[in-house]
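Quick notes on the structure that follows.
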Amino acid sequence: MRICTWNINSVRIHVSHVERLLEEQQPDILCLQEIKVVNELFPEGLGHALGYRHQLIHGQKAYHGVAILSRLPFAQSGTRHWCGKEDARHAWVSVKGGDGKKIELHNFYVPAGGDIPDPEANEKFAHKLQFLDEMADWFAARRKKSSRFVLVGDLNVAPLENDVWSHKQLLKIVSHTPVETDALARVYGSHGWVDALRHFVLPEEKLYSWWSYRARDWEKSDRGRRLDHIWVTPALTSALASAQVLKDVRGWQRPSDHAPVIVELNL
DNA sequence: ATGGTTGAGAATCAA
């Protein structure tokens with residue numbers, strides 16, 4: 001089973017990119033974040049011709065919004081609101097693996113948190129920290145040894161030193177501050193999660209999934225951050241076959257600033 | 001220290 005996650009930064013202007021990705025990568029399931037559109041205006045039939053006939057859209061006007069496109073039918077599905085807000089930042093489905101057992105897939109778009117890394121001075125940063133705390137509590141409360149969960153999405157935190165181009169220079173930059181990486185570590189510990197990308201890529205190696213639009217040459221300056229993640233619960237670690245950042249996609253014409261991340265599970 | 005770009009949707013706000 002191949003599962004892909006991608007912050008698409010507006011699904012409507014990147015329709016052809018989504019189709020190209022589905023065609024080239026043939027994921028069974030594609031999770032999108034920042035679709036930036038209400039459900040009614042989501043591009044009709046996106047992926048249908050390629051066999052993605054099951055979809056869960058949780059949209060919002062102009063901001064945020066998540067969606068799941070799938071070749072596999074959903075046994076269950078749902079959406080959830082966080083921090084007492086109406087933001088569309090989480091959608092989940094369960095699907096049957098080839099072994100007949102269900103997996104539960106959670107697609108998240110964690111708040112970016114604004115520019116000032118101080119919850120007192122910046123309510124967006126406070127929201128981000130609260131969101132991560134609620135995620136940790138929620139997954140801790142549902143913890144079971146037998147859980148077969150996959151958590152994907154733009155978590156807007158680069159947790160490891162080599163998840164950013166300069167650990168030292170980003171310690172006070174939102175996405176890599178200690179208070180955020182600590183909060184993400186609590187989510188990570190809440191269900192015994194395993195980081196699928198770092199399962200295959202040594203922590204000593206630089207690894208990014210996002211490069212700012214503001215660089216003159218994103219590839220040459222290579223000042224990236226790993227904001228997009230795929231985690232699995234311990235019951236699925238033995239099924240991990242591969243995981244990678246599809247960096248080439250960041251070089252497509254007028255792309256999203258995020259590259260997709262894909263995992264392959266032997267299920 | 002600063003400014004650099006993109007998207008939504010109509011002046012800025014968010015990232």
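Order of the sequence lines sets the chain letters (A, B, ...), proteins ahead of strands, with each chain counted from 1. Remember, it's a predicted structure, so these values are computed and weren't measured experimentally.
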Quiz item: For A:H258, which contact category applies under a 4.0 Å heavy-atom criterion: base, sugar-phosphate, or nothing?
Solution: nothing

Name all residues meeting the side chain to side chain donor-acceptor pair (under 3.5 Å) criterion together with [X]; count only those two or more places apart in sequence or in a different chain, and write none if there are none.
X	value
A:N122	none
A:R53	none
A:D118	none

For DNA chain B, which residues in [range] have a heavy atom at a distance below 4.0 Å?
range	value
residues 211-226 of chain A	A:Y213, A:R214
residues 12-25 of chain A	A:R12, A:I13, A:H14
residues 108-127 of chain A	A:Y109, A:A112, A:K124

Quiz item: Among A:N7, A:T5, A:N156, which residue meets the side chain to side chain donor-acceptor pair (under 3.5 Å) test with A:Q33?
Solution: A:T5

Practice problem: Report the residue (A:R254 or A:Y63) whose heavy-atom-nearest nucleotide on DNA chain B is the more 5′ of the two. | Solution: A:R254

Quiz item: Do you see a donor-acceptor pair shorter than 3.5 Å between the side chains of A:R89 and A:H64?
Solution: yes

Give me the other members of the hydrophobic cluster that [X] sits in, counting Ile, Leu, Val, Met, Phe, Trp and Tyr linked by side-chain heavy atoms under 4.5 Å, directly or via other members.
X	value
A:L202	none
A:I35	A:W6, A:I8, A:V11, A:V15, A:V18, A:L21, A:L22, A:L30, A:L32, A:V37, A:V38, A:L41, A:F42, A:L46, A:L50, A:Y52, A:I57, A:L69, A:L246, A:V249, A:W252, A:I262
A:W218	A:V164, A:W165, A:L170, A:I173, A:Y208, A:W211

Quiz prompt | Counterpart residues, ring-ring contact (aromatic ring centres under 6.0 Å, His included), relative to A:H167 (two or more places apart) | solution = A:H176

Could you work out the separation of [N] and [M] based on their [atom1] atoms and round it to a whole Å?
N	M	atom1	result
B:dT6	B:dT2	P	23 Å
B:dG7	B:dG3	P	22 Å
B:dA14	B:dA10	P	15 Å
B:dA15	B:dG9	P	15 Å

Practice problem: Please list, in 5' to 3' order, the outermost nucleotides of DNA chain B lying under 4.0 Å from any heavy atom of chain A. | Solution: B:dG4 to B:dA15

Self-check item: Joint cluster assignment, A:W193 & A:V110, ILVMFWY side-chain distance < 4.5 Å
Solution: yes

Quiz item: Which ranges of DNA chain B pair up as stems, where a stem means three or more consecutive Watson-Crick or G-U pairs with both distances under 3.5 Å?
Solution: B:5-8 with B:12-15

Practice problem: Go through A:Q76 and A:S94 one step at a time and tell me if the side-chain hydrogen bond (donor to acceptor under 3.5 Å, both in side chains) criterion holds. | Solution: CA-CA 5 Å; A:Q76 291 136 343; A:S94 68; 2.9 Å; yes

Quiz item: For the residue pair A:H106 and A:F139, does the interplanar ring angle fall in the parallel (under 30°), tilted (30 to 60°) or perpendicular (over 60°) class?
Solution: perpendicular

Quiz prompt | Basic-acidic side-chain contact under 4.0 Å: A:K206, A:D222 | solution = no

Quiz item: In terms of side-chain geometry, is the basic nitrogen of A:R142 or A:D137 positioned less than 4.0 Å from the acidic oxygen of its partner?
Solution: no

Quiz prompt | Smallest separation among heavy atoms of A:F74 and A:L56, with atom names | solution = CE1-N, 3.9 Å

Quiz item: For A:S175 and A:R225, which heavy atoms make the closest approach, and how far apart are they?
Solution: OG-NH1, 3.1 Å

